[in-house]
Amino acid sequence: MRIARFTTGEDPAYGLVDGAGEKVAEITGDPLYQRIELTGAVHQVDDVRLLAPVIPRSKVIGIGRNYVDHAQEMGGEPPAEPMMFLVPNTAVVGPGDPVVMPPQTSEVSYEGELAVVIGRVCKDVDVHDAPGVVFGYTCANDVTARDLQRTDGQWARAKGFDTFCPLGPWIETDLDPGAQRITTRLDGTVVQDGRTAQMVHGVAALVSHASRAFTLLPGDVILTGTPAGVGPVRPGQRVEVEVDGIGALSNPFVRH
Ligand code: MG
């Protein structure tokens, strides 16, 4: 099932997107908390504005250096345990929304990633039980002010600016998270081309690890790390993150 959040100009609503990504059938309420019931209204996807498919109520958990080739391009090896950081939910934007590059940074990078959306309250989840607490998956761009990441020591600002966490285009609930191709395009040119099978720590291990530190709540998001090929974005460029089996998330970058 593909679940989108969208607006037709009124209050945001949720809907089920068809396999072709052309139509969205509106549902009542929030599918994270309520049984899915169709309202009967059906829209063309092109006629609505897609929004971030989830606004995390408590947290976005990022995972750093979870692909060997990316860790090496950053000048190191992957950490033995998943390295976590937190991104405020105010950084989340949706498909097509501009990523606003603030004046404090002169080096903004894309990081295409698979994002995990948590479906229930959980704590100390065993790896084997982790798939049962996952609601679904979406695409993410873990936008990073690389210069501030180096100078701040903490990553809170470098990854937490408003608009620095695009999510979308929708949540896919049926996906093998360990067997997908992940591709990032910069103005149409492929700059990252990885496989989720290359993750050092797979999705189940990441969910379990995160849950041993934090109680996970419905709508929490885990960013699972980026493959090699990160690089700078200039104002006016567009970045598209595509995960096979989900779809593509595209955002323009603008200068504040
Ligand atoms: Mg990242």
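Counting convention: from 1, in listed order, for ligands and their atoms alike.
- Side chain of Asn141 to main chain of Tyr110: no donor-acceptor pair is present (N/O by atom type, distance under 3.5 Å, no hydrogens or angles).
- In this structure, the side chain of Asn251 does not engage the main chain of Pro98 through any donor-acceptor pair within 3.5 Å.
- If you check the side chains of Thr226 and Gln192, you find a donor sitting under 3.5 Å from an acceptor.
- Ionic pairing of Arg150 and Glu107 is present here: one or more N-O contacts between side-chain nitrogen and carboxylate oxygen are shorter than 4.0 angstrom.
- The backbone N or O of Asp30 lies less than 3.5 Å from a partner atom in the side chain of Gln34, making a donor-acceptor pair.
- Using a cutoff of 4.0 Å between basic side-chain nitrogens and carboxylate oxygens, Arg120 and Asp220 are not scored as salt-bridged.
- For a distance threshold of 2.8 Å, the protein N, O or S atoms nearer than that to the Mg ion (ligand 1), listed by chain and number, are Glu111 OE1, Glu113 OE2, Asp142 OD2.
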